[in-house]
Amino acid sequence: MDESDIVLNMEGICKSFPGVKALSNVDFQLKKGEIHALMGENGAGKSTLIKVLTGVYEIDEGIITLNGKKIIIKSTHDAQENGISTVYQEVNLCPNITVAENIYIGREPMKRGFIDWNTMNENASKLLEERLNLKIDVKKLLSSYSVAIQQMVAIARAVDISSGILILDEPTSSLDSNEVKQLFSIMRKLKSEGMSIVFVTHFIDQVYEISDRITILRNGELVGTYAVKDLPQMDLISKMIGKKYEEMVKENKQLSRDYYSNEEKNLIETKQFGRKGTIDSFSMNIKKGEVLGLAGLLGSGRTECAKLLFGIDKSDHGTLIIDGKEYSYIYPQKAIQEGLGLCPEDRKAAGIVGELTIRENIILALQSIKGIFKYIPMKKQQEIAEKYVKLLNIKTPSIEQRIDNLSGGNQQKVILARWLATDPQILILDEPTRGIDVGAKDEIKKLIIKLAKKGMSIIFISSELSEIESCCDRVLVLRDRKIIGELAGEEVQESNILRTIAEGGNISA
């Protein structure tokens, strides 16, 4: 490697927290005008390395060199002063002010002691159009635009602050395919202008589409840095999880061959159940020990079905039957009492309670069932939490660790633990593997199969059709907020699901 190409060199980086060595002697190099993917399982150390680089954490040991000069980054302000900016997965802007204000907040152009609104709006429009090829009204509130546009605004702000390094942390997790293409076009444009981009993602196909090099971390240590063209996808996965991909696939196939439900009795059934303006009337059923998939494109109605079944949204017509009991509508506490559990699509907003500990998050649903006057004793809480931390291999130094200190995959496992602690009959999993690494995905899929074998019924929602294929007995296919087809047994294949979506009905139709 030509040393003159290197803009950033992180050497021997170490960072520890109580009970955890998050980074151990990690090296990372970034070249001028490259897109460099940072890969690894949840808990591998990616977020910690980014936070060290952006001044959220101070390093314990190691050296950071920028453009050949040693630097010390003690704050996010230090990082920005050195031309390093970050755009996080959750857009960290203010929805209640304008696009222009968001871009220049804290850096507003002034005239005679007052904000120069005309200059600010002109500069914002020019920045978005020239750097990101985006034409929007910058005088509108940020909240009036889609998540994708909001993310572009966050990137514009970061680019305007940064003079050389842009870090994109899971930028595509909430984008559809067209929005991803738009983002990649912007990334290529910035790269051509000489900007260096660190791209953190779990989407392997996207890494190979956009990146030049890949650095892989595992358990806080450096596995290696590779040119994309020299690292086949199977090798990438193997290096990330420390196990050959073929072995993992074989294990899944062995698990998935003998768990299919032979029960006849329906645990849950709907008859023309729906909510006007949210989801069309649908009739469905699920048997004991069955894994029922809900598949469809973004906005097809999968999550709306889940919310209706769990009572987050109130149905306005039809019937829901749970273990023989009929309801015209249901509400979450009653759903829990009837043996339902829901792991929501957005674990950050609707799943975890960030300021609470792992123990407190795990016992939440169980305490809700018992009521506020039947407090679960602390010793019992600890026993429950320790049981599921061990069962689900949740990586934490203590059950008293705040959940927001965990990686995304481990947070997802805590939410699963919360519902497993209630011993549910039916578990609704809405995108349980979104935004987590292949190793954690593998563990969750194995758990789904094991729970089904023990008699639990599972409704499994995923955008990744390969996961639907590997886990489900049957699949209901949705499009435009309607159930348009059903696949069962050997029919459950990615190609059949896609064809059903495209043709608008069952593959036999």
Side-chain angles (χ1 to χ4, degrees), residues 1-18 20-89 92 154-155 157-171 187 190-191 193-201 207 211-227 239-240 405 407:
M1 182 189 297
D2 187 347
E3 295 293 321
S4 64
D5 288 343
I6 298 172
V7 293
L8 174 72
N9 187 23
M10 304 177 75
E11 189 176 350
I13 304 299
C14 297
K15 180 63 185 177
S16 295
F17 302 99
V20 178
K21 187 143 192 177
L23 294 173
S24 179
N25 200 35
V26 171
D27 297 338
F28 179 77
Q29 293 180 324
L30 183 64
K31 295 197 291 187
K32 182 177 177 63
E34 78 164 339
I35 298 174
H36 194 133
L38 184 59
M39 303 289 288
E41 297 187 74
N42 283 298
K46 304 186 303 294
S47 294
T48 305
L49 188 66
I50 294 304
K51 287 177 180 177
V52 161
L53 179 57
T54 54
V56 177
Y57 300 146
E58 288 189 48
I59 57 174
D60 298 332
E61 298 177 44
I63 297 170
I64 301 176
T65 306
L66 185 66
N67 295 316
K69 181 182 177 182
K70 183 180 175 181
I71 60 170
I72 296 173
I73 303 174
K74 290 188 175 182
S75 68
T76 54
H77 179 73
D78 285 346
Q80 290 182 3
E81 286 289 304
N82 283 288
I84 302 169
S85 288
T86 308
V87 176
Y88 293 101
Q89 180 178 354
N92 191 22
I155 291 172
R157 173 179 165 79
V159 166
D160 198 52
I161 292 172
S162 170
S163 61
I165 296 174
L166 176 64
I167 302 166
L168 300 178
D169 189 0
E170 296 287 356
M187 289 170 66
L190 294 174
K191 171 187 167 180
E193 294 170 357
M195 182 163 283
S196 304
I197 300 174
V198 180
F199 180 41
V200 183
T201 185
V207 168
S211 304
D212 300 300
R213 291 194 299 154
I214 303 170
T215 289
I216 303 168
L217 302 180
R218 187 171 70 239
N219 297 326
E221 298 181 352
L222 175 68
V223 175
T225 297
Y226 311 87
K239 291 178 185 299
M240 285 172 60
N405 289 330
S407 65

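In what follows, residues are counted from 1 in the order of the sequence shown.
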Stepwise side-chain contact (heavy atoms from CB on, under 4.5 Å) test for T76 and V56: CA-CA 6 Å; T76 54; V56 177; 4.1 Å; yes
Pair D160-R157, side-chain contact (heavy atoms from CB on, under 4.5 Å): steps then yes or no: CA-CA 5 Å; D160 198 52; R157 173 179 165 79; 5.8 Å; no
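At a threshold of 4.5 Å between non-hydrogen side-chain atoms, the residues L53 and L8 count as touching. Residues F28 and L217 fail the side-chain proximity criterion, which asks for heavy atoms closer than 4.5 Å. Using a 4.5 Å cut-off on side-chain heavy atoms (C-beta onward), Q29 and N9 make contact. Two residues are said to be in side-chain contact when any heavy atoms from C-beta on lie closer than 4.5 Å; E58 and V52 fail this criterion. Side-chain contact between I155 and L168: present, with at least one pair of heavy atoms (C-beta onward) separated by less than 4.5 Å. Looking only at side-chain heavy atoms (C-beta outward), K15 and I59 stay at 4.5 Å or farther from each other. Contact annotation: the side chain of V87 approaches that of L166 to within less than 4.5 Å [non-hydrogen atoms, C-beta and beyond]. For the pair T48 and V26, the minimum side-chain heavy-atom distance is 4.5 Å or more.
Between K191 and D212, at least one side-chain nitrogen of the basic residue sits less than 4.0 Å from a carboxylate oxygen of the acidic one, meeting the salt-bridge criterion.
Summarising the geometry, atom NZ belonging to K46 is positioned 9.5 Å from atom OG1 belonging to T201; distances are rounded to the nearest 0.5 Å. Summarising the geometry, atom CD1 belonging to I13 is positioned 8.0 Å from atom CD1 belonging to I63; distances are rounded to the nearest 0.5 Å. Distance check: S85 OG to M195 CE gives 7.5 Å after rounding to the nearest 0.5 Å. Rounded to the nearest 0.5 Å, atoms CD (Q80) and CD1 (I165) are 13.0 Å apart. Annotation: the span from I71 atom CD1 to L66 atom CG amounts to 4.5 Å, rounded to 0.5 Å. From I167, atom CD1 reaches atom OG1 of T54 across 5.5 Å, with rounding to the nearest 0.5 Å.
Side chain of N219 to backbone of A44: no donor-acceptor contact under 3.5 angstrom is found. When atom types are taken as modelled, the side chain of K31 and the backbone of D5 share no donor-acceptor pair closer than 3.5 angstrom. Side-chain atoms of K32 never come within 3.5 Å of backbone atoms of S196 as a donor-acceptor pair (strictly under, hydrogens ignored). With hydrogens and angles ignored, the 3.5 Å screen pairs a side-chain donor or acceptor of S75 with a backbone N or O of D78.
Residue I216 is tested with L222, V223, L38 for a side chain to side chain contact (heavy atoms under 4.5 Å, CB included); the sole match is V223.
Residue V207 comes nearest to A37 through the heavy atom pair CG1-CB, 3.8 Å, listed as atom of the first residue, atom of the second, then distance.
A donor-acceptor contact closer than 3.5 angstrom links the side chains of T225 and T215.
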